[in-house]
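One structure below.
Chain A is the first sequence line, chain B the second, and so forth, proteins listed ahead of strands; every chain is numbered from 1. Because the structure is a prediction, the values reported are computed rather than measured.
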Amino acid sequence: MTSNASPGAPLRRRDLLKLIGGVAGTTAMYQAMTALGLHAESRYRGPIALDGNPKGASVVVLGAGLAGLVAALELRKAGYTVRVLEYQDRAGGRCWTVRGGDRYTELGGFDQTCEFDRDLYLNPGPWRIPSHHFAVMDYCRRLGVGLEPFMQVNHNAYLHAKNAFGGVPQRYRHLRADFAGGVAELLAKATSQQQLDETLSAGDKELLLAALRNFGALDENYRYKAGRAASDRRGYAKDPGGGLTAEPVDSEPIPFRSILDSRVWQRLADGDSYYHHNAIFQPIGGMDMIARAFTREVGDVIRYGARVTDIKQSAAGVTVAYTDRASGVTSTASADWCVCTIPLSVLSQIAIDVATPMAKAINAVPYSPAFKVGLQFGRRFWEQDEHIYGGISYTDLPINQISYPSCGYGSAGKGVLLAGYTFGVHAYEFASLSPKERITKAVEYGAQIHPQYGAEFENGFSVAWHRVPWLLGCSGAWTDAMRAEHYEHLCAIDGRILLAGEHASYIPAWQEGAILSSLDAVERLHRRVIST
Amino acid sequence: MRNRLPIIRGLAAACCVGGMLYGGPALMAQSGDGTFSNPARFVPKDGERLYQSSCQACHMPAGEGAAGAAAYPALAKNRKLRTARYITSVVTNGQRAMPPFGPMLDDEQVAAVVNYVRSHFGNDYTDAVTAAEVKAVRR
Ligand SMILES: Cc1cc2nc3c(=O)[nH]c(=O)nc-3n(C[C@H](O)[C@H](O)[C@H](O)COP(=O)(O)OP(=O)(O)OC[C@H]3O[C@@H](n4cnc5c(N)ncnc54)[C@H](O)[C@@H]3O)c2cc1C
């Protein structure tokens with residue numbers, strides 16, 4: 001793997017960490033790093049206090065996604081006269097939930113009507129909220145949005161690869177336990193064979209061996225093999241029961257080499273990502289519960305169906321031209337200030353009166369592709385037949401993953417799976433198909449993991465984010481080089497205009513980024529207003 | 001072993017990151033026309049299949065483009081395609097909301113799809129772009 005230490009050179013502690021990270025995956029590495037106190041803090045400091053009198057100053061907010069809604073709520077509370085212009089007939093932007101009866105027309109005129117049953121839904125965009133996204137969590141608390149646990153990691157879900165294990169999906173718990181066991185056994189062997197003597201003192205070695213035994217479920221000889229210790233991690237061939245024939249039967253680990261060969265280890269650490277850690281949540285009833293809660297607060301100042309086409313400013317104020325989508329009539333809205341949260345993919349095609357550095361920044365950022373498809377099935381076979389309650393199965397098929405609903409467990413009726421969530425080339429390929437063809441493909445691929453698809457599939461709904469008329473993509477695809485050149489210009493106040501949104505954050509493609517960006521913009525704007 | 005794995009950098013979008021995707025080239029089952037077989041690169045070689053699995057997502061099946069809050073320009077009967085270098089550069093390096101396709105296409109593939117677009121959808125430009133010309137515009 002990747003150790004920078006040249007052969008024979010003594011391993012330093014940092015190299016050892018790297019080695020552990022490379023071999024054992026991020027969990028081991030993360031554990032070690034936490035011990036070193038390397039822990040990032042959220043930037044959210046609680047509800048903002050915009051003290052001081054804005055003396056009747058007015059703000060026009062462009063876009064009613066979460067960034068726009070937060071700006072509207074906080075500015076109005078601070079005493080500003082606020083107006084919001086929104087392209088769609090609803091607020092929330094990407095914070096969006098599709099339910100039975102909803103109609104959606106994507107770019108190109110392709111139409112879909114969702115046929116899901118009552119109470120079943122798909123979150124085509126945001127679907128989970130890490131507990132360290134303090135701003136989202138706090139607005140949910142303040143606005144009364146109920147949350148429930150999002151099952152990110154389910155040890156009983158699958159990892160699947162077309163050409164690994166004969167194409168048979170493997171339980172995550174098996175691969176997880178067996179990979180950790182294999183790694184621990186190898187490292188224990190290296191330790192016992194004095195191969196780490198230049199790095200570790202005798203005391204270190206003793207501790208490491210004890211730790212490896214614990215980490216990898218090794219037996220007293222530091223071997224990972226079928227037995228009580230391994231079964232306790234990966235599960236049994238026959239679970240312990242009650243009464244007669246209750247004795248458990250140990251299961252047989254998958255050979256370490258087969259796991260290495262399968263490459264499914266690439267997905268083992270998905271739940272170890274900081275953004276996927278437990279506890280992680282979803283709003284009860286759909287992500288748009290957040291948008292609805294905001295709408296209850298500021299819905300009265302939102303002008304819906306208004307397509308912004310031109311943003312002008314002078315020393316005196318800002319004038320925004322917008323077209324009413326129903327009537328085609330163009331009007332203008334004037335204000336002292338403008339907080340523009342229109343995604344850059346759209347804003348790069350709108351005439352906006354800002355200096356060159358900001359204009360260049362607006363034009364610099366392409367949007368990444370993403371595709372989601374939800375399928376409704378006649379029964380919750382994943383629960384009834386396979387004992388998978390929530391969580392995610394990963395595959396190298398183009399659907400990339402299948403996520404089981406984190407709600408309604410055990411209910412008798414129908415169920416909706418997130419039957420594909422994919423990026424990169426496959427997202428373009430899915431987007432290129434008609435909505436109907438996408439569903440056919442998703443069913444075809446998913447059936448390779450769940451054969452019940454054939455008998456149980458009923459209907460489906462897909463969102464290819466590059467076809468979304470008000471966004472043209474998923475999220476800002478910043479690179480480090482782009483950030484170095486453009487980020488500060490993008491976030492600066494240009495005269496009377498400033499930008500906010502997911503794209504003006506270091507947490508792209510997360511709602512937290514949109515909110516933090518908006519709070520930061522609003523605070524800076526307020527300071528400017530108060531000081532002039 | 002590392003180098004053989006296609007890596008989608010995910011463009012730093014944390015929730016949109018597939019991370020590494022498994023399956024080295026040896027593992028990739030090719031579907032008939034090469035589509036839906038590689039998560040990191042387009043596989044088809046011919047311009048039409050490339051158009052239909054990439055450009056079509058935005059510029060639409062007949063190159064007619066589409067308009068919502070912003071627009072995908074029509075490639076059909078597009079006078080700006082007269083300059084081969086322009087479309088070659090837009091495809092390879094991107095332009096504003098049009099993502100760069102250079103990282104997902106090799107020089108021959110860029111040439112193939114550019115030549116296809118410039119000679120279809122009511123465009124009739126006969127000066128074909130070569131792979132060497134694509135290489136020259138790559139940034
Ligand atoms: C597939 C996907 C998965 C995601 N997963 C998660 C997740 O699990 N958790 C999470 O926290 N985040 C997730 N996100 C990211 C999250 O959705 C965004 O970061 C956040 O919602 C962006 O908010 P925003 O206000 O910046 O932009 P938006 O919500 O896009 O709001 C922009 C608004 O501007 C409007 N608009 C556009 N053009 C015009 C115009 N010309 N005139 C007037 N109005 C206009 C739009 O209609 C829209 O309402 C995901 C996103 C996607 C796409």
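A distance of 6.0 Å separates OH in A/Y275 from CD1 in A/I507, rounded to the nearest 0.5 Å.
Residues B/Y125 and B/S119 have side chains not in contact (no heavy-atom distance under 4.5 Å, counting atoms from C-beta outward). Counting heavy atoms from C-beta outward, A/Y367 and A/L472 have side chains that stay 4.5 Å or more apart. In this structure, the side chains of A/K162 and A/Y445 stay at 4.5 Å or more apart for every pair of heavy atoms. Contact annotation: the side chain of A/H486 approaches that of A/K360 to within less than 4.5 Å [non-hydrogen atoms, C-beta and beyond].
For A/F430, the parts sitting under 4.5 Å from any heavy atom of chain B are the backbone and the side chain alike. Only the backbone of A/V365 comes within contact range of chain B, with heavy atoms under 4.5 Å apart. With a 4.5 angstrom heavy-atom cutoff, A/P366 touches chain B via backbone and side-chain atoms both. For B/A71, the parts lying under 4.5 angstrom from a heavy atom of chain A are both the backbone and the side chain.
When B/E64, B/Q95, B/Q56, B/M98 are compared by the number of non-hydrogen pairs under 4.5 Å with chain A, B/Q56 comes out ahead. The candidate with the highest count of non-hydrogen atom pairs below 4.5 Å against chain A, out of B/A97, B/G94, B/P100, is B/A97. Across A/H426, A/H466, A/R325, the residue that shares the most heavy-atom pairs under 4.5 angstrom with chain B is A/H426.
Taking a cutoff of 4.0 Å between a charged side-chain nitrogen and a carboxylate oxygen, A/R267 and A/D396 do not qualify as a salt bridge.
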